[in-house]
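Following: one structure in structure tokens, then a few remarks.
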Amino acid sequence: MAGGRTKEPLPARVVLALVDESNQFQKLLKSDAEAAGREAGIEVETVFTGESLVEHLGALRRLIVDPGRRPAALLVMAVRDHGLDRVAREAAGAGVHFVLLNAVEDDLDAVRREFPAAVVSTVCPDEVETGRVQGRQLLALVPAGRRVLYIQGSLRSLASRERTSGMREATAGAPFEVVLAGGDWSPAFAGRTVREWLRFAVGGRIPFDLVACQNDHMAGGALEALAAAAAETGKPDVARIPVAGCDGAPDVGQRMVREGRLVATVVLPRVAGPAVQEVAALLARGERPAPVITHAATSFPPLPDLRPIA
């Protein structure tokens, strides 16, 4: 423009699609992604879709079909392990890169073959390693001859199945018993599971020595159930049964460990920031990320600091 200043190009825009605005861990993902975007010169817009698969897919599709809102890339926390392949295909067909923040069981290779120009990738926690870390915690915490009540998220969940697989791998041959039970990712469900198992007490002996849960919210439900059972039965030892969790958000699981409510938690890697960095390298320099990039969890407290339970 004569006599004017050349207009600066707008920064690339990506959309981070999360599920639950009240979830502490997802709040951290939002913060991480926005910080990584500022560092890379990328605009990061965050939307929360809710837990309904229909509403989740609808929110993603509205971003894809509207040229005014269409981002350069979508970073998506999937609400289900199945059913994302069609919207991934729609995104790739519209020229939108599609990056998942958790593993799914859809055939994304088929989408990559159909739309080779678009990146369809997964940047996620290594959930088998998450389970291994929790299994190593049990090895450090549980003496020989004891029993662990291991409360799973859901058999329908890929993350839950992979965490269980990793835990069983790490504890194979251990001198204690691990009993699997259902928790459905719910504190209330986990609490009911604990109470049902307490009914198996024979001769006053508590039927498990430690409760390990696949997330910290279920661990909270287990703690509440143990406290209620102790009050009802007049047996304070029930409330002192140790509980371990997983997820390890600083203000949830890690705080519960610092307060002495949990004996340990597993700190999941926060992958939204790294995912933004991968997209930034793609948009700036054409560096394509691998189809699957995993990040490992860690123990809190560190494994060498754990001591056997009484």
Side-chain angles (χ1 to χ4, degrees), residues 18-33 51 77 101-102 124-142 148-154 157 159-160 162-164 166-167 170-171 178 181-191 193-194 208 210-227 239-274 294-307 309:
L18 300 175
V19 177
D20 180 1
E21 194 168 5
S22 68
N23 181 279
Q24 178 66 24
F25 187 76
Q26 293 182 44
K27 289 179 182 178
L28 292 171
L29 294 181
K30 176 180 183 293
S31 176
D32 291 348
E51 296 184 1
M77 172 176 277
L101 304 182
N102 48 344
C124 65
D126 181 341
E127 295 291 14
V128 175
E129 180 61 17
T130 299
R132 291 191 192 105
V133 172
Q134 195 162 37
R136 294 176 195 128
Q137 290 178 335
L138 298 181
L139 291 173
L141 289 166
V142 184
V148 175
L149 180 64
Y150 186 78
I151 301 182
Q152 303 171 95
S154 168
S157 163
S160 180
E162 289 187 337
R163 290 181 191 184
T164 299
M167 180 278 299
T171 59
V178 178
D184 202 33
W185 299 121
S186 159
F189 198 119
T193 296
V194 167
F208 48 83
L210 181 145
V211 181
C213 300
Q214 286 189 336
N215 74 16
D216 293 322
H217 294 292
M218 290 193 296
L223 287 168
E224 290 179 6
L226 292 170
R240 291 193 283 269
I241 295 172
V243 177
C246 184
D247 284 352
D251 290 336
V252 183
Q254 291 183 46
R255 185 188 68 208
M256 294 168 78
V257 172
R258 288 192 296 268
E259 292 173 348
R261 299 176 63 205
L262 298 181
V263 290
T265 188
V266 180
V267 180
L268 293 184
R270 305 203 310 249
V271 297
T294 60
H295 295 261
T298 57
S299 174
F300 186 86
L303 290 170
D305 293 346
L306 296 177
R307 297 292 180 266
I309 60 175

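All of these numbers come straight from a predicted model, not from anything done at the bench.
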Show the atom names and distances, to 0.1 Å, of all donor-acceptor pairs under 3.5 Å that link a side chain in residues 296-307 to residues at least two apart or in another chain.
from: Ser299; atom 1: OG; to: Gln137; atom 2: NE2; distance (Å): 2.9
from: Ser299; atom 1: OG; to: Pro301; atom 2: O; distance (Å): 2.5
from: Arg307; atom 1: NH1; to: Pro304; atom 2: O; distance (Å): 2.8

Notebook entry, point to check: Is there a donor-acceptor contact under 3.5 Å from the side chain of Glu127 to the main chain of Arg163?
Noted result: no
Notebook entry, point to check: Rounded to the nearest 0.5 Å, how far does CD of Gln254 lie from CG of Asp247?
Noted result: 11.0 Å
Next item on the list: Could you grab the distance from atom CG of Asn215 to atom CH2 of Trp185, nearest 0.5 Å is fine?
Entry: 6.0 Å
Next item on the list: Report yes if some heavy atom in the side chain of Val243 is under 4.5 Å from a heavy atom in the side chain of Leu226; otherwise report no.
Entry: yes
Next item on the list: Quick one: pull up CG in Leu262 and CG in Leu223 and give me the separation to the nearest 0.5 Å.
Entry: 5.5 Å
Notebook entry, point to check: Which atoms form the tightest heavy-atom contact between Leu18 and Met77, and what is the distance?
Noted result: CD2-CB, 4.0 Å
Item checked: Expected output: side-chain Thr265 to main-chain Cys246 donor-acceptor under 3.5 Å -> yes
Next item on the list: Please report the shortest heavy-atom distance between Gly191 and Ala225, naming the atom on each side.
Entry: O-CB, 3.4 Å
Margin query: Test your reading of the model: is there a side-chain donor-acceptor pair from Gln134 to the backbone of Cys213, 3.5 Å cut-off?
Written below: yes
Notebook entry, point to check: Which heavy atom in Gly248 sits nearest to a heavy atom in Asp216, and how many Å separate them?
Noted result: N-OD2, 2.8 Å
Checklist line | Verdict with reasoning, Met218 to Phe189, per side chain to side chain contact (heavy atoms under 4.5 Å, CB included) | finding: CA-CA 8 Å; Met218 290 193 296; Phe189 198 119; over 6 Å; no
Check: Quick one: does Arg270's side chain have a donor or acceptor within less than 3.5 Å of a partner on Phe25's backbone?
Finding: no
Check: Can you find a heavy atom in the side chain of Glu224 that is under 4.5 Å from one in the side chain of Pro187?
Finding: no
Notebook entry, point to check: Do Thr130 and Gln214 have a side chain donor and acceptor closer than 3.5 Å?
Noted result: no
Check: Do you know the tightest heavy-atom contact between Leu101 and Ala272?
Finding: CD1-CB, 4.3 Å
Checklist line | Donor + acceptor pair across side chains of Ser160, Gln152 (<3.5 Å) | finding: no
Next item on the list: Apply side chain to side chain contact (heavy atoms under 4.5 Å, CB included) to Val271 and Asp32, showing your working.
Entry: CA-CA 8 Å; Val271 297; Asp32 291 348; over 6 Å; no
Next item on the list: Would you sort out whether Arg136 and Arg132 count as a side chain to side chain contact (heavy atoms under 4.5 Å, CB included), showing the intermediate values?
Entry: CA-CA 6 Å; Arg136 294 176 195 128; Arg132 291 191 192 105; 3.7 Å; yes
Notebook entry, point to check: Would you say the side chain of Asn23 lies within less than 4.5 Å of the side chain of His217, judging by non-hydrogen atoms?
Noted result: yes
Notebook entry, point to check: How far does NZ of Lys27 sit from OG of Ser22, to the nearest 0.5 angstrom?
Noted result: 7.0 Å
Note to self: How close do Ile151 and Val211 get, counting heavy atoms only, and between which atoms?
What the structure shows: CD1-CG1, 3.8 Å
Notebook entry, point to check: Any donor and acceptor pair, going by atom type alone, linking the side chain of Asp184 with main-chain N or O of Ser154 inside 3.5 Å?
Noted result: no
